[in-house]
Amino acid sequence: MAAPGEFFAGIPKITYLPSAGPADVLCFKHYNAEEVLMGRKMEDWLRFSVCYWHSFCGTGADPFGDQTHQWPWNEGTPMESAKKRLRAAFEFFTKLGVKYYTFHDRDMAPEGSTLEESNRNLDEITDLALELQSQTGVKVLWVTCNLFAHPRYMNGAATNPDCHVLAYAGAQVKKGLDIAKKLGAENFVFWGGREGFLSIHNTDVAAELNHMASFFRMAVQYKEKIGAKCQFLIEPKPKEPCRHQYDYDAMSVIGFLKHYGLENHFKLNIEPNHTTLAGHSYEHDIVMASAFGMLGSVDSNTGSPDLGWDTDQFPMDIRNTTMVMKTVLEQGGLQPGGLNFDAKVRRESTDLEDLFIAHIGAMDAFARGLRNAVHIIEDGLIAGMVRERYSSFSHGLGQKVEDGSATLEEMECRSIHVKEKTALK
Ligand code: XLS
Ligand code: NI
Ligand code: NI
């Protein structure tokens, strides 16, 4: 049944139709938003979010070829198309049934010739965003500042060797936080695409890391000053566009935050395609961040295991979504974070409908992952095996190791007369 709409007129509101046939692609076969699993609705475990930059600003261009996507909102002056794009996006969120979106300051409104003009553009467009949010109930999962695309940032933003560029980035983040507060964003992301180096020979690593910490400290202070409630998130990525990026992976970021005493002000936004780029398995950083109480949100995408770059594909592998959702369930949910689709349709996907099909496929893949994870947790088999594996730490000497009161002398006392079952040859 066709539904009205300005941009996606032929697309119906997407509903849960588990018995639909394989050719029916405009429905959910697994994602049932209202269904309660382990005491919470599916939509509240999954907290899906659509990203603005790939889905509404992406053009299909790649380093070897021009634009392939001719989306109907890309018409008129930059401000006119910014407004059309926003209306299209809200029509999309509503038809898809996703309650959150994410955006960069510069994909929401065009950059002006001065910062003042850019800020004015942002004010005007976010007035409309606020209106559309209250009409539809769709909310901002997170806002971020684009501190990497403009040529001024080619040598970094918070780690730029020129303090004036750092200042510009700071001013941009100040405005970004104002906007986050205005729109009630639940999180605010820092992704340091240019915070790293191409050559170690011209780079003072210690100074740059100190500057980055100062930059984050200023952001914490300003957020507290204006009373914005958003959770701060850092998104690790090892490389691309830099040869080396400081926020290499979850453990590097956690180490950085602890070194500078910032760990209580930030959590991590983990993007599995970045994790695999760092040479880890898909779920590695999700698990590591969660183990430290630092998993704040997920940019739920995937790469191709055979490729060494960030292709931002929609996640469709049930094994991966199961591993993510198992960790999410074990830590009691992702809120105020969510599963943000930092993913783009392929260059060859030139129909408007493809935007829906891609999101639906990924949402179903996560719904299946959630159901699997619930199963794994409820039958308790794996958890029981893990408990058994570490059972020697629940009493006696093991317990002393656990609480940090054991000594090497005790270790010696316990070990000195132990006869190995199998004598070493
Ligand atoms: C790029 C990052 C970026 C952040 C937001 O690789 O994933 O899209 O999520 O700036
Ligand atoms: Ni991302
Ligand atoms: Ni990415």
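Every heavy atom of this structure was used, including side-chain atoms; hydrogens, water molecules and symmetry mates were not. Atoms within each ligand, like the ligands themselves, are counted from 1 in listed order.
- For Phe48 and Tyr100, the distance between ring centers is not under 6.0 angstrom.
- Using the six-membered ring where Trp is involved, Phe216 and Phe190 have ring planes that are perpendicular, over 60° apart on the 30 and 60° scheme.
- Rounded to 10 degrees, the OD2-metal-OD2 angle spanning Asp299 and Asp342 at the Ni ion (ligand 2) equals 90°.
- Closest to the Ni ion (ligand 3) among the N, O or S atoms of Asp310 is OD2.
- Residues Asp310 and Lys237 are paired through a salt bridge, judged by an N-O separation under 4.0 Å between the basic side chain and the carboxylate.
- The shortest N or O to N or O distance between Trp142 and ligand 1 is not under 3.5 Å.
- At a 4.0 Å heavy-atom cut-off, ligand 1 touches Asp310 through the side chain alone.
- Short contacts between ligand 1 and Trp53, defined as distances under 4.0 Å to a heavy atom of the residue, involve ligand atoms 8 (O).
- Every N/O-N/O distance between Trp191 and ligand 1 stays at or above 3.5 Å.
- When the heavy-atom distances from atom 3 (C) of ligand 1 to Asn146, Asp342, Val189, Leu233 are ranked, the shortest goes to Asp342.
- Ranked by closest heavy atom to atom 9 (O) of ligand 1, the top entry among Lys344, Glu235, Lys237 is Glu235.
- Ring to ring, Tyr101 and Phe103 are close: their centroids are under 6.0 angstrom apart.
- For the Ni ion (ligand 3), the set of nearby N, O or S atoms under 2.8 Å includes one belonging to Glu271.
- Of the residues Phe188, Phe56, Trp53, Tyr52, the one that meets the ring-ring contact (aromatic ring centres under 6.0 Å, His included) test with His104 is Trp53.
- Residue Asp299 approaches ligand 1 through these ligand atoms, each under 4.0 Å from one of its heavy atoms: 9 (O).
- Atoms of ligand 1 lying under 4.0 Å from at least one heavy atom of His104, given by number and element, are 5 (C), 10 (O).
- The closest side-chain donor-acceptor pair between Gln313 and Thr302, if any, does not fall under 3.5 angstrom.
- Put simply, no part of Glu240 is less than 4.0 Å from ligand 1, judged by heavy atoms.
- Ion pairing of Lys258 with Glu263 is absent here, as no side-chain N (NZ or NE/NH1/NH2) approaches a carboxylate O to less than 4.0 Å.
- Centroid-to-centroid, the aromatic rings of Phe266 and Phe232 come within less than 6.0 Å.
- Between Glu186 and Arg47 there is a salt bridge, since at least one side-chain N of the basic residue sits less than 4.0 Å from a carboxylate O of the acidic one.
- The Ni ion (ligand 3) does not have Glu235 among its coordinating residues (no N/O/S atom, backbone or side chain, under 2.8 Å).
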